[in-house]
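Worksheet: one structure, shown below.
Proteins get letters first, then strands, A, B, ... in listed order; numbering begins at 1 in each. This structure is a prediction, so every number in the text was calculated from the model and none was measured.
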2 protein chains.
Amino acid sequence: MARRERGSTRPSGDDRQDAILATAESLLAHRSLGDISIEDLARGAGISRPSFYSYFSSKDEVVIELLARVIDEVEGALAGLPGEVSSDPADRWRKSISAFVDVFTKHEAVAETAIAARLHNPEIQALWARSMQSWVDYTTKVITSERKRGAALDGIPAHDLAVALNLMNERVLSASFSRERPAIDRTVVVDVMLGIWMRSIYGSSAEK
Amino acid sequence: MARRERGSTRPSGDDRQDAILATAESLLAHRSLGDISIEDLARGAGISRPSFYSYFSSKDEVVIELLARVIDEVEGALAGLPGEVSSDPADRWRKSISAFVDVFTKHEAVAETAIAARLHNPEIQALWARSMQSWVDYTTKVITSERKRGAALDGIPAHDLAVALNLMNERVLSASFSRERPAIDRTVVVDVMLGIWMRSIYGSSAEK
DNA sequence: TCGTGACCCGACATAGTGTTGGATTAACCG
DNA sequence: CGGTTAATCCAACACTATGTCGGGTCACGA
C-alpha cells in the first residue's frame with residue numbers, strides 16, 4: 001500500500017518497479033534475503049540506492065509484492081479444483097495436493113523467503129496466513145462433504161484436521177526443497193503426503 | 001567451538017558466561033533474536049559489549065549453546081520412553097508425543113528462536129536437525145516393530161512416515177504457540193496430532 | 001611491594017539502512 | 001522553439017549495530 005508517490009508523466013516508473021521485482025526474484029534464487037542488500041536490488045534495476053525508496057519502502061515491501069502475486073495465482077489454482085467429489089477420492093486429493101505443490105515449486109524462492117520473513121514481519125505473516133487459509137478452507141469444505149456422504153471418518157474436527165494436514169504439507173515441502181535433514185525425497189514426497197491425508201481422512205479402507 | 005580463550009585464574013569467567021545465557025533466555029521470552037542487540041546481552045550480564053566477545057563470538061553462538069542444552073534434555077526424554085509396546089498403543093504414542101510437546105513447551109523461547117535462526121545459520125540447522133533426527137529414529141523404530149507384529153499398516157515407508165509426522169508436529173506446535181492463523185487451539189493440539197498419527201500408522205481400526 | 005597476566009572497556013573501523021535537498025531531464029505549452 | 005514545471009535522480013549525511021584493538025586495571029603470588 002502506498003508504495004510510490006511519484007506522479008506518472010515519465011514512462012519509466014513502473015518499468016523500474018518491475019525491474020526491482022525481477023532482480024529480487026532472481027537474486028533470491030541463489031542467496032537469502034538477509035544476504036541481499038538494497039544496494040544490490042537498486043544496482044540490478046539500474047538505479048541508485050536512494051531511488052529504490054521511491055518504489056519500495058524496504059526490502060520486505062519487495063517480498064510482500066512478490067508474495068502478493070503468488071497469492072493471486074494460488075486463488076486461481078484453487079478455483080480450478082473440482083468442487084465436487086469425482087469418482088476416485090484419492091485422485092481428487094492428489095490433484096489438490098499437487099496444485100499446492102505446483103505453486104510451491106514454481107515460486108520456490110519466494111515461498112521459502114516468505115516463510116522465513118514472516119517470522120519478523122507481521123504483514124508477510126498475514127499474507128502467508130491468507131494463502132494457507134484458502135487451502136484450509138477448501139480442505140475443510142471437502143472433508144465435511146465427504147463425511148456427509150458417509151465416506152470419511154468422524155472423530156477429529158474437520159477444521160483442525162485440515163489445518164494440521166496443510167501445515168504438514170508446508171513443512172514437509174519446505175524441508176524437501178531446502179534439502180534439510182531429516183527430509184523426504186522429492187520424488188516420493190507427494191505420495192507420502194497423500195498417503196497420510198487419505199488415512200487421516202478416510203481410514204485404512206482408503207489405501208490404494 | 002572455541003568460544004573462550006581466556007585462561008581461568010579469575011573466578012568470574014564461567015559465571016559471566018552463564019549470566020549471558022540467562023539474560024538471553026529471559027529476553028527471548030519477550031522479544032525476537034533480531035530485536036536483541038549484543039549490547040543488551042552484555043548489559044544484562046553486567047559487562048561491556050566488547051567483553052561479550054570474550055565469551056561468545058556472536059549472538060548465534062549464544063543460541064547454539066542454549067539449544068545444545070535443550071538437546072541434551074531431548075536425549076534424556078527419549079531415553080525415558082518405553083522401548084517396547086505397552087498394552088495400549090494409543091497410550092504409548094500419546095506419551096511420546098507428549099514428551100516432544102513437553103520439551104517444546106518448557107523451552108518455548110529457545111525452540112522458536114532456533115527454528116527461526118536455523119534458516120540463516122548452518123550450525124543451528126545442524127543442531128536442530130540432530131534433535132529431530134532423534135525423534136524420527138525413535139518413531140521409525142516403533143513403527144517398524146508395530147508392523148512386524150502385524151498391528152500397523154504397510155504402504156508408506158516407515159522412515160518417510162516418521163519424518164512427515166514429526167515435521168507435522170514441529171510445525172503444528174510452532175503455529176499453536178505463536179498464535180499464528182491458521183492454527184490449532186493449544187487445548188486440543190495433542191489430541192489432533194495423536195489422531196493423525198494413529199490413523200496414519202494403524203488405519204481407522206485404531207480410532208478411539 | 002612489585003610483577004604478571006587475565007580481564008575489562010574506550011575508541012575505532014566497517015557495513016547497512018533510511019533521509020534530504022539540490023541538480024537533472026523529459027514533457028508540455030505558449 | 002525556448003521556458004516552465006514537476007517528476008526523477010543521486011551525492012552526502014545521520015544513525016545503528018557489529019566486530020576489533022590496544023592500553024588500562026586489578027587480583028594474586030613471590
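In terms of phosphate contacts, Tyr55(B) brings no side-chain nitrogen or oxygen within less than 4.0 Å of OP1 or OP2 of dA6(C). Considering only side-chain N and O atoms, Ser48(A) lies nowhere under 4.0 angstrom from the phosphate OP1 or OP2 of dC9(D).
Here the C1' atom of nucleotide dA7(D) and the OH atom of Tyr53(A) are 20 Å apart, to the nearest Å. The nearest whole Å value for the distance from the CZ atom in Arg16(B) to the P atom in dA6(C) is 17 Å. Atom P of nucleotide dT18(D) and atom CG of Asp40(B) are separated by 8 Å, given to the nearest angstrom. Computed from coordinates, the Arg49(A) CZ to dC10(D) C1' distance equals 11 Å when rounded to whole Å. If you measure from atom CZ of Phe52(B) to atom P of dA17(D), you get 15 Å, rounded to the nearest angstrom. Atom CG of Leu33(A) is separated from atom C1' of dT17(C) by 13 Å (rounded to the nearest Å). Distance, Asp35(B) CG to dT18(D) P: 11 Å, rounded to whole Å. Rounded to a whole Å, the CZ atom of Arg43(A) is 14 Å from the C1' atom of dC10(D).
With respect to Glu39(A) and Arg43(A), a salt bridge is recorded, a charged nitrogen being found less than 4.0 Å from a carboxylate O. Look at Asp91(A) and Lys95(A) and you find a salt bridge, because one of the NZ, NE, NH1 or NH2 atoms lies within 4.0 Å of a carboxylate O, short of that distance. Taking 4.0 Å as the cut-off between side-chain N and carboxylate O, Glu73(A) and Arg69(A) do not count as a salt-bridged pair.
Looking only at atom types and distance, the side chain of Gln133(B) has a donor-acceptor partner in the side chain of Asp137(B) under 3.5 Å away.
At a threshold of 4.0 angstrom between heavy atoms, the contacts of Ser37(B) are confined to the sugar-phosphate backbone, with no base atom among them.
When distances are taken from the side chain of Pro50(A) to each of dC9(C), dG19(D), dA11(D), the shortest belongs to dA11(D). Among the nucleotides dG19(D), dC9(D), dC9(C), the one closest to the side chain of Ile38(B) is dG19(D).
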